[in-house]
Amino acid sequence: MTAIPSFEKVAIISGNPRLSAEISSLFKRPRHYIPVISGPHLARPDSSNELIRRHNALSMAQSRKVLLAGMTVDKERAMSDGQLDGMFISVKSRDEAQEALKGWTKSPSEMLDWGSDNLGIGLLLARRSRKLLNTADSKSPTTSFIASGRHILIICEKGKALAEVIASNLAFATDASFLIIPELPDSEEKEWLEEIYALGSNGNASSRFITIRDRVRGRLPNFQFSSYKQVLFIGNGFPWGIAVPECPTTHMFTFPDFGRSVVEGLYAASHPESGARTSLLIHPGEVPGSEIETIADCLKRNRTLLRVQAGQAATTRNVRMLVETVPFDVIVISTHAGDVSGSRITYEFTDSEGIARRLIIDEAVGFEYDLRSDKVMVEPFNRFHELDGIDWTNSVAKENLYIGTAITSWVAMGIVGRSKYRVASEDIPRVIGSMGLRMHDRVWMPALHGFAPGCTPIVFNNACSSWHRLSATFMFAGARAYVGALFPVIESEAQEVGTSFFQKEINTSFSKALWTSQNRTYQGQDRRPYAMVGLPFGSIQPNTIDPIAYLSNYYSQAISDCNHSAENTTSHELRDNFLRYKDFLVKDAETFRSIFARN
């Protein structure tokens, strides 16, 4: 298994790729990862969560000094407010960073001159030759491959400069070979993903999958992938690994929060003792002959605590609250999944800049009964379809579209406020990307902001087409790895792959475990419906921690924290949420104690 790098004691928060690359080149210790994390998106409705997620990542990396590189004043202030004096330092140039890091790192004496693009390659060349990267407003050399160890090949799509810098730092820390490939155009990516999603209808899925796989392989360089033990693809959301069946593959997404996800993945991999303490197995009863019982037996033998939500207990509310509030290291879902029906709604309004707007969105709605308020909660999923006559998915046409505050103005109206600007609505059979999971009572459309504190689970979603959107959703929330199906699978193969993954591949890296399980299931066939997101380091190892004591302590602390937060917030909405979580945790703690008191 690939050695897990340690963290440098310094981290970089930045939206400036060139400056991030130049500062990263100051660090040259092998097998150490210098975290680079994008700045917070303060315009998001959950801007406070943006800050919390970044501070949590810095805590995981045990960063003692944080360089705010080339960030705006409002982002600098937001990141540093309430933090230790002197920990967060604003820098606008490499020279300022060198001054701030005196005593923390010794700067290389030689420089590698480079252009303003292809930063990942330039940075890796500089660090491996122990030189300082010096960028200029010019074109860089077109080098796309740097050879190193055969234990891992990191492949990064070109186009997202900050992601290339982060990928380069990961390649340096792991001594990996590094390859940059052309970015898959947005229109083609969406078209190909739609083709994969549609494999469950109209004919032989396996033969059509092979056609797509071969087309994707044609976009990759003529490479001997089988000479590497595993391949990590870093891209915008396409599962490139389907084109490389000859070795284990996994993926990471460049957006959102790629840098944060790397930190969380490394943290989880370097703390294997926290990787299999507890598990949540979700089986609403939609799939007969489920693999859940076999997986439960495997995890029991691993001394992992089991919580099974089956049948009537697997409601949307119970499952969502358990996933969000209780720390589970392993989450397994066995049900049906797919995009759901909804409405195409047209809004006409004037944005905050005084510009008349016409916005069309596709909306799917999830419902959940809330015990605290005795009301039905509405959870909408919105997909932008068109703005001022321009198709939202047409990246070429959008280049000439002034978006301004159109979207932020619409979001700021809220669900109730925007209803008066609705001018048209029609039913549509599918809202692309809505991806709901069938629970016992209704469909759950996960929209997670995070898991319980300190929790970075492996999520094995053994539902048809469960890769689409949900892979990004669970990774954004903080999962260390996610396994899902790209297209519909029959019940027998779902059971065989899931059973193999947990029964025969314990203590094997997730990417190799999935690769081996699919090979075992499909043998000489070309069918490979499953794909993985996550770093190629994690595995489920034998549990050595008392899970009952661990959860008992957790419940007490979490209930106290919810009470404290509810008492100290001025927001009525936040107060209700904290109390809602507290009420659930109090009741669930009683359930937990009653179950394990009997055992």
Side-chain angles (χ1 to χ4, degrees), residues 2 5 12 14-18 20-21 24-25 33-38 114-128 133 135 140-186 188-189 192 216-217 219-223 225 228-244 247-263 265-266 471-472 475 511 531-537:
T2 303
I12 303 166
S14 177
N16 185 323
R18 283 176 59 178
S20 299
S24 294
S25 70
Y33 177 72
I34 173 69
V36 174
I37 302 173
S38 61
W114 203 254
S116 59
D117 61 329
N118 206 13
L119 292 172
I121 292 290
L123 173 59
L124 190 55
L125 287 172
R127 296 185 73 188
R128 285 187 175 164
L133 183 68
T135 66
S140 300
T142 57
T143 306
S144 61
F145 176 65
I146 302 176
S148 190
R150 295 279 182 173
H151 57 293
I152 181 172
L153 170 64
I154 295 178
I155 303 177
C156 183
E157 272 190 75
K158 193 176 182 65
K160 302 291 189 296
L162 190 64
E164 292 178 41
V165 171
I166 296 167
S168 178
N169 284 343
L170 185 61
F172 178 83
T174 56
D175 194 29
S177 294
F178 188 53
L179 174 66
I180 296 289
I181 61 174
E183 184 177 30
L184 184 64
D186 187 59
E188 281 189 280
E189 179 182 307
W192 291 5
V216 176
R217 183 65 175 242
R219 291 296 182 90
L220 294 174
N222 187 15
F223 228 73
F225 294 106
Y228 293 91
K229 291 185 178 180
Q230 51 188 336
V231 177
L232 167 62
F233 286 95
I234 297 169
N236 300 332
F238 189 80
W240 288 96
I242 64 173
V244 186
C247 68
T249 60
T250 185
H251 307 79
M252 291 291 283
F253 298 140
T254 58
F255 179 86
D257 285 2
F258 173 40
R260 175 176 64 86
S261 293
V262 171
V263 170
L266 290 175
S471 54
M475 290 300 293
S511 54
M532 174 186 154
V533 191
L535 295 178
F537 310 118

Enquirer: State, to 0.1 Å, how close Glu164 and Glu157 come at their nearest heavy-atom pair, and which atoms those are.
Expert: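 Minimum heavy-atom separation between Glu164 and Glu157: CG-O, 4.2 Å.
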Enquirer: Do the non-hydrogen side-chain atoms of Val262 and Tyr33 ever get within less than 4.5 Å of each other?
Expert: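 SC-SC contact between Val262 and Tyr33 confirmed.
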Enquirer: Pair Met475, Asp257 - check side chain to side chain contact (heavy atoms under 4.5 Å, CB included), show working.
Expert: CA-CA 9 Å; Met475 290 300 293; Asp257 285 2; over 6 Å; no
Enquirer: Are any of the side-chain heavy atoms of Arg219 and Ile181 separated by less than 4.5 Å?
Expert: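 Sidechains of Ile181 and Arg219: no contact.
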Enquirer: To the closest 0.5 Å, what do you measure between CZ (Phe258) and CG (Leu162)?
Expert: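 Rounded to the nearest 0.5 Å, the CZ-CG separation comes to 9.0 Å.
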Enquirer: Which heavy-atom pair separates Leu123 from Ala21 by the least distance, and what is that distance?
Expert: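 Heavy atoms of Leu123 and Ala21 come nearest at CD1-O, 3.2 Å.
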Enquirer: Ser168 and Gly120: which non-hydrogen atoms are nearest, and at how many Å?
Expert: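 Smallest heavy-atom distance, with atoms named: OG-O, 2.8 Å.
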Enquirer: Applying side chain to side chain contact (heavy atoms under 4.5 Å, CB included) between Val231 and each of Ile152, Thr250, Thr249, Ile154, report the one that passes.
Expert: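 By the side chain to side chain contact (heavy atoms under 4.5 Å, CB included) criterion, Val231 pairs with just one of Ile152, Thr250, Thr249, Ile154: Thr249.
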Enquirer: Of all heavy-atom pairs between Lys229 and Pro248, which one has the smallest distance, and what is that distance?
Expert: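 Lys229 and Pro248 have their closest heavy atoms at O-CD, 3.2 Å.
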Enquirer: Which heavy atom in Asp117 sits nearest to a heavy atom in Ser140, and how many Å separate them?
Expert: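 The pair with the smallest heavy-atom distance is O-OG, 2.6 Å.
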Enquirer: Kindly compute the distance separating OG (Ser25) from CZ (Arg128), expressed to the nearest 0.5 Å.
Expert: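 Nearest 0.5 Å value for the OG-CZ distance: 14.5 Å.
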Enquirer: Apply side chain to side chain contact (heavy atoms under 4.5 Å, CB included) to residues Trp114 and Ile121 and explain how you reach the verdict.
Expert: CA-CA 10 Å; Trp114 203 254; Ile121 292 290; 4.1 Å; yes
Enquirer: Identify the two heavy atoms, one from Ser511 and one from Gln230, that lie closest to each other, and give their separation to 0.1 Å.
Expert: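 For Ser511 and Gln230, the tightest heavy-atom pair comes out as OG-OE1, 2.6 Å.
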